[in-house]
Amino acid sequence: MVNHRFLAFAGLAALVLPFVAAAPTTTETLEGREVFSFEKWVDSIIANPDTALSPEQAIEAWTASTNGTSSETLSKRAASCASMANQAYVPDAVVCVSKLASLGSQACVANAVAYFWTHGRARVVGVAGPVAKVSTTCQKVAQTAGKIMDQCTSGQFTGGQLSNVADSRMAVHLVLPV
């Protein structure tokens, strides 16, 4: 008996594997298959931008790896996810995250509130916590935004807030620009 589900998955895996093999961008497995991670993708950009997936390839890999799954099954939530009305469009969010990751160790400074990058229907914002000014690298902001995407993406929309991975005095928000 031919298992049509397996054949369909194998065909999809054959299409996506060349993209995923370009850089380590997967994390946990879900029912025996690898799940794409935006946070790991940012790490691959930081490690070697020449071999990292492009934003378009990252979207394709994410779409293929999450096909048929809900965001709740992909990871435990640590981020505070935004309401649907405030969520960013995934392809635009990927461009923002990619741009911030490519800025290297350049400082991203929040004097109360700072708009770090806006593209289309996505914006990455830094909010200084108990102090008036917080500085971290743009790569750390990108990693935090990638983590938000891993935890708060549903369909073509994503967004939320999470403490910066490098400095908890800064919250990173991924939102729809207003």
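Computed from heavy atoms alone, side chains included, the values below leave out hydrogens, waters and symmetry copies.
One finds the CG atom of Asn48 at 12.0 Å from the CD1 atom of Ile46 (value rounded to the nearest 0.5 Å). In this structure, NZ in Lys147 is found 15.5 Å from CZ in Phe38, a value given to the nearest 0.5 Å. To the nearest 0.5 Å, the span separating OG on Ser98 from CH2 on Trp117 amounts to 10.0 Å. To the nearest 0.5 Å, atom CG of residue Leu162 and atom OG1 of residue Thr144 are 6.0 Å apart.
Sequence neighbours left out, not one pair with a member in residues 85-106 passes salt bridge (charged side-chain N to carboxylate O under 4.0 Å, His left out). Listed by first and then second residue, the salt bridge (charged side-chain N to carboxylate O under 4.0 Å, His left out) pairs that reach into residues 100-119 come to none, sequence neighbours excluded.
The closest donor-acceptor contact from the side chain of Ser65 to the backbone of Trp62 lies under 3.5 Å. Looking at Gln57, its side chain does come within 3.5 Å of a backbone N or O of Ser54 through a donor-acceptor pair. Proximity of a side-chain donor or acceptor of Thr153 to a complementary backbone N or O of Met149 within less than 3.5 Å is detected.
Here Ser168 pairs with Ser163 under the side-chain contact (heavy atoms from CB on, under 4.5 Å) rule; sequence neighbours left out. Partners of Pro91 according to the side-chain contact (heavy atoms from CB on, under 4.5 Å) rule, which considers only residues two or more places apart in sequence or in another chain, are Ile59, Tyr89, Gln156.
Cluster annotation: Phe116 is connected to Val94 through the hydrophobic network of ILVMFWY side chains, with a link wherever side-chain heavy atoms come within less than 4.5 Å. Hydrophobic clustering keeps Val90 apart from Phe157 (ILVMFWY residues linked when any side-chain heavy atoms are closer than 4.5 Å, directly or through intermediates).
Residues Leu100 and Cys108 have side chains in contact (heavy-atom distance under 4.5 Å, counting atoms from C-beta outward).
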Please set out all donor-acceptor pairs under 3.5 angstrom arising from side-chain atoms of residues 169-178, sequence neighbours excluded.
residue : atom : partner : partner atom : Å
Arg169  : NE   : Asp167  : OD1          : 3.1
Arg169  : NE   : Asp167  : OD2          : 3.3
Arg169  : NH2  : Asp167  : OD2          : 2.8
His173  : ND1  : Gln161  : OE1          : 3.1
His173  : NE2  : Gln161  : OE1          : 3.2

Contacts table for residues 119-140: side-chain donor-acceptor under 3.5 angstrom, sequence neighbours left out:
residue : atom : partner : partner atom : Å
Arg123  : NE   : Thr118  : OG1          : 2.8
Thr137  : OG1  : Lys140  : N            : 3.1
Lys140  : NZ   : Gln143  : OE1          : 3.4

Practice prompt. Show the numbers, then the answer: is there a side-chain contact (heavy atoms from CB on, under 4.5 Å) between Lys40 and Asp43?
Written response: CA-CA 5 Å; Lys40 298 290 183 194; Asp43 291 342; 4.2 Å; yes

